[in-house]
**Student:** 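Shown below is the structure under consideration.
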Amino acid sequence: MTVTAHMENNDPVGAALVRTATRFRQLAARRRLRDAEVEEIALLFANAAHLLAYTEGNQRHLGPSRPLHSSWQRLFADPETDVALLALLESSMCTKDAAERTRRELLSWLGERARSRETPTIAQVVAGYRQAQDALDCVDEAQAALLERIGLRTRGAAPAAVFSKAVGTMAEPSTREKLVHAWEAVRARNTGPVLEQLDEVLRIRREQARTAGTCSVVEQTLVRSAVDEAQAAAFIDAYLERAVEGTARLATRIRETVGAAQHPLAHFNAYARTVVGEATLPTFPLDGCLDYLSVVTQESLGIDLTPLASDRQCEHLVLGTNGGRVIGVASFDLIRTPPSGSGVMPGAGPVNAAARADRTGISVTLPEARVLCRYQYDVQGRPVVTFASLHSMLHEFGHVVNHWLLGRHAPSDTGLDYLPIERIEDLSSWFEKWAYHPRLAEHLQLSAKDTAGLEICTRVKKLEFRSADLDRAVVAALDFEVHRQESGGYADSFRRLERDFQLGGLCRLGSVAGFLMSPLCRAYPGASFAYLWGAAFGAQAFAPWMRTGPGGRAPAWTDRSLDSCFDPDAPSETPELDPLFRFYNVSYDASGEPCL
Ligand SMILES: [Zn+2]
């Protein structure tokens, strides 16, 4: 964690990891495990893995995840503890079927982990990614230098963010065009080493797949999936085709509106500015948003959220119950952005006053998960959130509910194993759609002006999704393709995609290289199509809820459309694409055809 984040939050994530580890050590030191304790060990591993995934996914706000990762390694991946735990599990036969299944899963997972320590491949892959990341950092540095040369100070901010902001404020097309051109040229000149490193990792992975006797790397990844290679490939191709079509329309609109010649998508922020126009985008009261989250969770999933007292200032704790049964705990990490603003108020816990119970009253291990909640103070000194922050809070809370309601917890090193790999973004993508629901304005009792402002926020957010959609689809297609092939590098596969899907310069390999190193790509090569799958599933499953207007009740929580989110053994049905492209299309012509 950065010093600031650490001081502001007193490192609640590290503390949660230690608390989880303490119980884990107690159980691992037993002479024999009962059924419930076997299940508890799997849950503790899952809780710890969730913390890892959470920190990894929120590095931008929480600081580098490496310190937590090394604590996790020490506490949850210590070889000696593994050996002792293996012996303990061997001798602890369970009486109930479910517990026995968990015991066997733990045994095979720990066995696999021990074997992987003996093969050099994992260390080589990790080292390869580290070098690829270093090469990517060099691209960042070169771009930062470019910005400095033209008088744009980065002051430690990500160069890409500074660039996008600058693009958004440059009204003069020719100046903007020059900046975009220079930016892309710097990237093109510096991306080579990143791709070389990624190709090297690819070579190691293919070698490992051959040694293991599998046809391809993807075949190994799809062991974690409920779809076969052909079903996944058909879905990715269909998505990519639609994404090319939609992005081409958006690019035309950007060209027409703000005058962009090359790289129209790099001018997106200038276009978004025209969508906002003279409006001031509203912020929303933090407590009202948390209450909204609570209400929609109750009505759509039948889960009651009860605030708990926390001993940490910047944490909002809730207990989840379903039909009176306690199902989990969630901690909202309240992070003030910018951390050192005008200093209107101290960063004391803004919402904890509502707490009605104490976490010390909970003596059993529960599914525990965290949500990042970025807030700021408005001019009246009230804690508020932006639309983007609310959107990501709802998305992350979807992951929390997923963790809470899973039928069983699989042990994991990554926090990405709770469902077949293609479904891990399904519920979070569904949940985030509540940010677009008409009930939000009603619930927050927004003024007419703020309701209009919220409408603009949702349009911009949808357009943002659209502007990144082709990159997302190309990353998924590339990731899948290279890990299916036995030879050829990323550039070869990219050229094939360019030709077969007529990308027409709308996506460049250099601009997606960084995404090929996401935690999901690193853990499960070939699986990044899960983001497309989740997006499509979320839009399709949310459509019936979206049709309930302001004041209308959502369908009863017994609706079966979300069952596949909670049952790891359920099959994966390919989601439809129409609801997704309809949801994110902000304009239609008179015939109802999408025109943007
Ligand atoms: Zn997610």
Side-chain angles (χ1 to χ4, degrees), residues 13 46-47 49-62 65 68 221 224-225 239 293 296-297 300-301 328 330-333 335 367-374 385 387-406 409-410 412-436 461-462 464-465 468-469 471-473 475-476 479 514-524 526-542 562 564-566 568 572 575 580 583-584:
V13 187
N47 280 347
H50 169 85
L51 285 174
L52 267 192
Y54 170 73
T55 325
E56 183 107 22
N58 289 303
Q59 291 196 49
R60 214 151 43 98
H61 310 291
L62 294 171
S65 63
L68 189 88
T221 291
R224 312 252 175 198
S225 163
Y239 193 110
L293 180 145
V296 298
T297 305
S300 59
L301 297 164
S331 314
F332 291 78
D333 286 316
I335 305 250
E368 275 196 52
R370 308 190 81 83
V371 178
L372 188 77
C373 173
R374 287 168 290 134
V385 297
F387 183 77
S389 173
L390 170 62
H391 186 277
S392 74
M393 209 160 85
L394 290 164
H395 177 97
E396 287 197 37
F397 193 70
H399 285 301
V400 171
V401 171
N402 222 160
H403 187 55
W404 283 359
L405 285 185
L406 276 179
H409 288 93
S412 167
D413 276 342
T414 56
L416 303 170
D417 306 276
Y418 48 93
L419 281 173
I421 198 76
E422 65 279 6
R423 302 212 298 263
I424 61 170
E425 289 294 322
D426 281 10
L427 191 66
S428 50
S429 162
W430 176 86
F431 219 106
E432 75 189 22
K433 301 295 181 293
W434 285 109
Y436 302 96
K461 190 76 187 160
K462 286 180 180 182
E464 261 173 26
F465 178 92
D469 204 27
D471 282 359
R472 196 166 25 241
V475 167
D479 181 36
F515 300 118
L516 294 163
M517 284 179 243
S518 73
L520 184 58
C521 288
R522 278 184 279 143
Y524 296 117
S528 60
F529 73 92
Y531 291 111
L532 315 184
W533 190 283
F537 174 90
Q540 183 183 350
F542 198 77
L562 298 177
S564 62
C565 299
F566 306 118
S572 287
L580 172 81
F583 185 86
Y584 285 102

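Not measured: the values here are computed from a predicted model. Counting starts at 1 for both ligands and their atoms, following the listed order.
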**Student:** What protein N/O/S atoms are there under 2.8 Å from the Zn ion (ligand 1), waters excluded?
**Tutor:**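 For the Zn ion (ligand 1), the protein N, O and S atoms that sit under 2.8 Å away are H395 NE2, H399 NE2, E425 OE1, E425 OE2.
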**Student:** Would you mind checking if K461 and E432 are paired as a salt bridge, meaning a charged N to carboxylate O distance below 4.0 Å?
**Tutor:**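 No, E432 and K461 are not salt-bridged.
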**Student:** Determine the interplanar angle of the H399 and Y418 rings, folded into 0 to 90°, and report it as parallel if under 30°, tilted if 30 to 60°, perpendicular if over 60°.
**Tutor:**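 Perpendicular: the ring planes of H399 and Y418 meet at over 60°.
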**Student:** In terms of relative ring orientation, are W430 and F542 parallel, tilted or perpendicular, with 30° and 60° separating the classes?
**Tutor:**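 Taking F542 first and then W430, their aromatic rings stand perpendicular (interplane angle over 60°).
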**Student:** Whether R472 engages the ring of Y239 as a cation-pi pair (distance to the six-membered ring centre under 6.0 angstrom, angle to the ring normal within 45°) should be assessed.
**Tutor:**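 That pair does not qualify as a cation-pi contact.
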**Student:** Just checking, any donor-acceptor pair under 3.5 angstrom between side chains of D469 and Y584?
**Tutor:**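 No - no donor-acceptor pair under 3.5 Å links their side chains.
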**Student:** For the CZ atom on F515, are there more than 12 heavy atoms of other groups (residues, nucleotides or ligands in this structure) within a distance under 6.0 Å?
**Tutor:**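 For F515, atom CZ is not crowded (no more than 12 foreign heavy atoms under 6.0 Å).
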